[in-house]
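Working notes, structure below.
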Amino acid sequence: KVYIDNVDIYRRYGSYSTGKKPEEITKAERQVFKAVVLGLQYGIGASSLARMLKMSQRRAKKLLDDYFELFKYVKKFRQKLLGVKPNKYGFYYIPSITRNKVELRCISNRELSMSNFPIQSLSSDFNLMIFYYFMKYLRKNYPELIKHIEIVNFVHDAGYFEVKEEVVDKFTKILEDFYKNLYVNMNEFIDFLFRGLQKFYRYIYKEKKYVFLLVPMKGEIEISEHF
């Protein structure tokens, strides 16, 4: 619902933590709350958060407590992941949404690995598939543009393209339109993803039925002369 209503999740969290209205949260404050939200994906604790944001450990703990009070389901999700037990050889198996179970050995930071892997692996895989389907879409609908476009790299949630200057505006408009109809353009992968999500939640929660909602996907496009 947060995403469907186009809510700024960092300002909402900041509002809950400070008592201010969301629109009263400053840009600097928003960056702090954003750091907490993203840091939690890496299993960050109060001590690490305090060092990173140069604040007292008491303040950092309050920020974490506020987050888990506001988003109670996130805490339950993390607890379920951390409840996964190793096998007799000491290896952890956790489900991957887009692949079979993944074996994690020699985990130096178990909380970080168990909390981060299901989220970041899904984000990276989903990002990769977006651009795979986008290039497929280009070849089918704009074959004359393909010779002017090269995929340079993918980094987590970003894709880098090299585009001839004379077609940059057209390319940008096509990419924007693709995002507006993302789920239609990727319907095969979405079906596959839903099956993976069902497998994942059955493994973690031991339950059979879930409701999955499609929420709007947003992308930002930046143009630069240099990578």
Side-chain angles (χ1 to χ4, degrees), residues 1-12 27-28 30-42 94-102 112-113 115-200 212-227:
K1 190 174 187 306
V2 167
Y3 292 106
I4 291 172
D5 291 345
N6 199 29
V7 173
D8 185 321
I9 195 168
Y10 306 125
R11 290 188 186 278
R12 182 182 177 187
K27 187 175 181 179
R30 184 182 182 277
Q31 283 300 112
V32 170
F33 295 115
K34 181 178 180 180
V36 177
V37 173
L38 299 181
L40 281 168
Q41 293 185 23
Y42 292 88
I94 62 174
S96 166
I97 292 169
T98 53
R99 298 186 287 276
N100 292 325
K101 290 180 186 176
V102 175
L112 185 156
S113 300
S115 300
N116 174 254
F117 180 83
I119 298 171
Q120 186 156 324
S121 66
L122 173 61
S123 300
S124 297
D125 286 351
F126 195 78
N127 179 58
L128 182 64
M129 293 309 295
I130 285 175
F131 293 114
Y132 166 77
Y133 276 92
F134 176 62
M135 293 304 291
K136 191 175 176 181
Y137 174 83
L138 271 181
R139 290 189 182 94
K140 179 180 178 181
N141 297 286
Y142 304 93
E144 73 281 2
L145 286 184
I146 290 298
K147 63 182 178 181
H148 300 300
I149 299 165
E150 293 288 345
I151 298 178
V152 178
N153 200 4
F154 298 103
V155 181
H156 294 307
D157 61 349
Y160 297 86
F161 293 84
E162 186 175 290
V163 182
K164 288 285 182 68
E165 190 171 356
E166 59 265 29
V167 298
V168 165
D169 290 342
K170 187 172 183 179
F171 173 82
T172 302
K173 179 67 168 59
I174 293 169
L175 183 55
E176 288 173 345
D177 290 342
F178 181 82
Y179 256 93
K180 289 176 183 176
N181 299 287
L182 191 65
Y183 294 123
V184 174
N185 293 322
M186 297 179 62
N187 61 331
E188 295 174 20
F189 179 66
I190 297 303
D191 289 341
F192 168 74
L193 183 61
F194 272 12
R195 291 195 296 273
L197 284 167
Q198 288 175 331
K199 176 185 70 175
F200 178 83
F212 298 105
L213 301 176
L214 291 174
V215 299
M217 290 286 291
K218 290 185 176 181
E220 296 179 356
I221 301 173
E222 296 183 7
I223 300 172
S224 173
E225 293 185 0
H226 304 284
F227 174 64

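In what follows, residues are counted from 1 in the order of the sequence shown. Only heavy atoms go into these numbers, but all of them, side chains included; no hydrogens, no water, no symmetry mates.
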**Study point:** Derivation of the side-chain contact (heavy atoms from CB on, under 4.5 Å) call for Leu145 and Ile174
**Key:** CA-CA 11 Å; Leu145 286 184; Ile174 293 169; 3.4 Å; yes
Point to revise | Nearest-0.5 Å distance, CG of residue Leu138 to NE2 of residue His148 | key: 12.0 Å
Review point. When rounded to the nearest 0.5 angstrom, what is the spacing between CD1 in Ile223 and CG in Asp169?
Key: 6.5 Å
Review point. With under 30° as parallel and over 60° as perpendicular, where do the rings of Phe178 and Phe134 fit, or are they tilted in between?
Key: perpendicular
Review point. Among all residues two or more places apart in sequence or in another chain, which pass the side chain to side chain contact (heavy atoms under 4.5 Å, CB included) test with Glu150?
Key: Glu162
Check your understanding: Say you draw a straight line from NZ of Lys164 to NZ of Lys170; how long is it, rounded to the nearest 0.5 Å?
Key -> 15.0 Å
Check your understanding: Is atom CD of Glu144 surrounded by more than 12 heavy atoms (other residues, nucleotides or ligands) closer than 6.0 Å?
Key -> yes
Practice item. Compute the ring centroids of Phe131 and Phe161, then answer whether they are less than 6.0 Å apart. Key: yes
Check your understanding: Could you state the interatomic distance from CZ (Arg11) to CZ (Phe33), rounded to the nearest 0.5 Å?
Key -> 10.5 Å
**Study point:** Pair Lys173 + Asp177, salt bridge at N-O below 4.0 Å
**Key:** yes
Exercise for review: Hey, could you give me the NZ/NZ distance between Lys136 and Lys140, rounded to the nearest 0.5 Å?
Suggested key: 8.5 Å
**Study point:** Nearest-0.5 Å distance, CD1 of residue Ile149 to OH of residue Tyr142
**Key:** 11.0 Å
Practice item. In sequence, state the C-alpha distance, the side-chain angles, and the governing distance for Val36 and Tyr10, and then conclude on side-chain contact (heavy atoms from CB on, under 4.5 Å). Key: CA-CA 9 Å; Val36 177; Tyr10 306 125; over 6 Å; no
